[in-house]
Structures are given as C-alpha cells and as structure tokens.
Amino acid sequence: MEPNNLLNCIKAFAKRICATLLAALAVSLLTIGCGDRSAPDANNSDSTRINKLKQIDDSVMTLAPSVKQLIADGIRTAPDSMTAYEYRLREARYLTLTDRPERFKDNIKNILRFAEQQQKRELNNAEKRRLNTLIAGAYNCRAAYYHNFHRKQHQAIQLYKAAYSLLANSDSKHNMPKVCANLADAYIQDNNMPMAAQWYRRALFLVDSLALPPKENVTLYMGLAQIYLSLHDFDTALHYYKATEEHFNMMSPSMQAYFLNNFGNYYYFKKNYRQALDKFLRMKQNLERHGMQNNFDMYLCKVNLADVYLNLDSIRTAQRYLNEVEPYFHKRDDFTALHYCKTIRIGIATKTGNIATAQRLIADNDETQHPVQYTLVNLRNRYLQKYYYNPQNETFRHSRTSRLFS
C-alpha cells in the first residue's frame, strides 16, 4: 500500500476509534479490572495468576513503593519455576526504569535459558501459551532497552516482531497492541515512516478487535501524532496530542513522560519555545513527583530542556543541563544522544561567538559514525547553518568572497 493511502486509512480508522472512546470510558471502571479476555478457556487458577501478574505489571509501570517487595515475595513463594521466572521478568522490567537499567540483562539471560530448557519438554497447549508469554516478555524487554539507548536498531525490530508472533499464541494477547506500538516507535527511530504507520494501524485494530479497556487505546494516538508531526502536518498532530492529553491521568508515569516529551517536541518544531518549555518542565516535575529523578526519561527531558533554553537565550541553564546529562549518556555509549548533546554545544558556541569551539566540535565527528534519527540530522544541519552564517566565522566570509569573484 502506498504511504499516503496508508496514512489516510490510519486517519479514518483512528477517527472511528475516537468516536467510540467517550462511550467506552463510561464503562472503563468495570472493564479495566476484568480478567484476560484473550484466554477464555483459562481455568480459575490461571485467571487468578494472570490477573495477579497484570496487577504487578501496573505496579511496575507506576513505580509503586511496594513493587520490589511484591516481586521478591512472588519469587520466594512461587509454587514452581515457571511462576518464579514470571516474577523475574517483572523484576527485569522494574530495573529498566531505574538509574541503572543495564542490571536487567542477567534476568533476561536466565529467563531465556530457562525457556530453552522448557521447550525441550513435552508441553500441553496451556503450558506452551504460558511459555510464549514469558519469552515474548523477555524479547520485548531486551528490545526496549536497545530502543531507548539507540543500540542495535534492526535487532530491536526483530525482537519486537518475534515477541508479537509469540503473543499471538499466548495467554496474554492483550499485550499485542503494546508490542505493535513499540515496533512502530522503533521504525520511527529507524526513519521508516510507512512501516511505523502500518504497525500503529495494527495496534489500533487489535485494541478494537480484542475489546481492550480504553486506557490501552489512548496512548496510541501519540504514535499517530508523531507520524503527522514528521510529515509537518501540525494541525492533525495537535489534534491527536490534545485527544491524548484529555486522558493524561489514565497513563502510567512512564507513559505520561513519553507523552509530555512528544508534546514538547511538537511545540519545539513549531518554534514555540515557551510552550515547549512548559511541557518539558511539566515532564520534569512529574518525574520528580514519582521518584524517577535518575532514570532515562529524566535525562531525555534534561537534554531537551538544554536545547529549549538555548533557543530562549538562557545559555547558562542550557550548559548546566548538558553537564548533567552527558556523563549518563557517555557511560551507556548512547551515541545518538551524544550526537544531540554535541549539536546543542555547537549551537551554544555559535550563539556566544566562540567560533573556535564550534569548529573543534564540528571536526570531532566520532558519534556521527552511528545511525542517527532523521529529525536529529535536521537539527544538526540547522545549527550548522547558523554557524556558517555567523558574521564572526572567517570560513563563511572567505567562502562568500570566493563565490563573489568566481
């Protein structure tokens, strides 16, 4: 399907979903607490187990103070190895939201090693579905780490696809739209908008066809907004951002941060820096309120704040935020984030007339050897244009003279 036709289909489908959202919200309190609709043949003990794990998942996403103890108790009292590893997966997800996300790796390795051993056994259908859920969760967790820290983009995409396939024959089909949305985000990071649009459309379709609670639906509008923003269709993007904001309190703290970051980016690309500042400061305050001062989302927020303050001529504040975030990204070899940090430093050097520093930063292109998202390439070009057109730049004056006399 052609990209334009695909986007038109998404827009029409999303409008149909929007039309039913308000009606669905009226019964959300009844449906959110229901068991897994994708496993109608599950017995009572399975339903109890699935619901308990979903409650733990909610506690992980909200970083509830009790969640570490709940996971530890679950592992300690697990009646079998499978249950223990299901709790280990929740522990891995929790670790990815902390100030040392790399600690999740051992959990995932152990889970996949256990799953490989289980696959050698004769399993009944219920056991296979349960194991598929576990493996899919491990794949999704590993892919999300690669995705967040801009590593192994193509491997992240393959892991998300593998997770999606496994969930189709699992006891947690309700997680399929989330994986679709993650996959769409990964394609955006890989500069592949047609595939991103396709996977957002599939996520919306699954939420509708699986009759999932409205809270599963709302955050998908952010994906649509991102696509329209990348196409510079600001009016349609704003429509979806506002549709999402109406249900802000339904989101987990991590999803709230994701929304505010994207909404801030919308105003940044509109060059409405005051409104962008408002969104990013709100994101920062929201993260602090939930005790997330030292996780990835906060550092992402601060690097965006640095760029906004640069454009508002608050140079010292921009430099302060860069000084706070660069060690974090260096430690994790996040070359995409470091590319962005250097772009901002080029902008600072140019704006303050420190042309020698700008020249040194431009010449040092270590991080540019790694794939960079298209929007970040555009930002670098925008700051480079300001550098080359700076009246204090001798390179610009000489090149302008040579063109005049050529």
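Model, not experiment: these values are computed from the prediction.
Atoms CG and CE, on Leu287 and Met298 in that order, are 4.5 Å from each other to the nearest 0.5 Å. Considering NE2 of His339 and CG of Asp334, their distance stands at 12.0 Å, rounded to 0.5 Å. One distance of note links CD of Glu91 with CG of Asp106; it measures 10.5 Å at 0.5 Å rounding. Of the inter-residue distances, the one linking Thr350 atom OG1 with Tyr387 atom OH reads 7.5 Å to the nearest 0.5 angstrom. Annotation: the span from Leu229 atom CG to Thr375 atom OG1 amounts to 9.0 Å, rounded to 0.5 Å. Atoms CG and OG1, on Leu220 and Thr244 in that order, are 9.0 Å from each other to the nearest 0.5 Å.
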(message) Before you tell me yes or no, could you show the steps for Arg121 and Gln118 under side-chain hydrogen bond (donor to acceptor under 3.5 Å, both in side chains), namely the whole-Å CA-CA distance, both residues' side-chain angles and the distance that decides it to 0.1 Å?
(response) CA-CA 5 Å; Arg121 296 176 52 234; Gln118 293 300 299; 2.7 Å; yes
(request) Output, in order, the C-alpha distance, side-chain angles, deciding distance and verdict of side chain to side chain contact (heavy atoms under 4.5 Å, CB included) for Gln226 and Tyr240. (result) CA-CA 9 Å; Gln226 275 189 283; Tyr240 286 115; over 6 Å; no
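In this model, no donor atom of one side chain and acceptor atom of the other lie less than 3.5 Å apart for Arg382 and Gln385. Arg113 and Asn110 share a donor-acceptor pair across their side chains, judged by distance under 3.5 Å alone. Side-chain contact annotation: Arg380 with Thr343, donor-acceptor N/O pair under 3.5 Å present. Remark: the Thr236 side chain and the Asp233 side chain contain an N/O donor-acceptor pair separated by less than 3.5 Å. Under the 3.5 Å distance criterion, with hydrogens and angles disregarded, a donor-acceptor pair is assigned to the side chains of Gln69 and Asp73.
Proximity of a side-chain donor or acceptor of Arg332 to a complementary backbone N or O of Tyr328 within less than 3.5 Å is detected.
Glu102 and Lys331 are not joined by a salt bridge, as no carboxylate oxygen comes within less than 4.0 angstrom of a charged side-chain nitrogen. For Arg49 and Asp171, the salt-bridge test passes: some basic side-chain N is under 4.0 Å from an acidic carboxylate O.
Ring geometry, Tyr299 versus Phe329: the interplanar angle exceeds 60°, so the pair is classed perpendicular (tilted spans 30 to 60°).
Taking a 6.0 Å sphere around CZ of Arg100, one finds it holds 12 or fewer heavy atoms contributed by other residues, nucleotides or ligands. Counted within 6.0 Å of NZ on Lys351, heavy atoms from surrounding residues, nucleotides or ligands total more than 12; the atom is thus considered enclosed. Sparse packing is recorded around NZ of Lys109, with 12 or fewer heavy atoms of other residues, nucleotides or ligands lying under 6.0 Å away.
Sequence neighbours left out, the pairs with a member in residues 300-309 that pass salt bridge (Lys or Arg N to Asp or Glu O under 4.0 Å) are Lys302-Glu324. Each salt bridge (Lys or Arg N to Asp or Glu O under 4.0 Å) pair with one or both residues in residues 280-301, not counting sequence neighbours, appears once here: Glu245-Arg282, Lys284-Glu288.
Looking at heavy atoms from C-beta onward, Glu86 lies in side-chain contact with Arg130 at the 4.5 angstrom threshold. Contact of the Gln119 side chain with the Lys128 side chain is not registered, since no non-hydrogen atoms from C-beta on lie closer than 4.5 Å. Contact of the Leu210 side chain with the His174 side chain is not registered, since no non-hydrogen atoms from C-beta on lie closer than 4.5 Å. For the pair Asn304 and Val308, the minimum side-chain heavy-atom distance is 4.5 Å or more.
Figure legend: Arg202 and Tyr200 shown without cation-pi pairing, the cationic atom not lying both under 6.0 angstrom from the six-membered ring centre and within 45 degrees of its axis. A cation-pi geometry, defined here as NZ or CZ lying under 6.0 Å from the six-membered ring centre and within 45° of its normal, holds between Lys270 and Phe234.
No option in Tyr258, Tyr266, Phe248 other than Tyr266 meets the ring pair (Phe, Tyr, Trp, His ring centres under 6.0 Å) test with Tyr241.
The aromatic ring centroids of Tyr145 and Phe149 lie less than 6.0 Å from each other. Ring to ring, Phe263 and Phe259 are close: their centroids are under 6.0 angstrom apart. Side-chain rings of Trp199 and Tyr160 stay apart, their centers remaining 6.0 Å or farther from each other. Residues Tyr273 and Tyr268 bring their aromatic ring centres within 6.0 Å.
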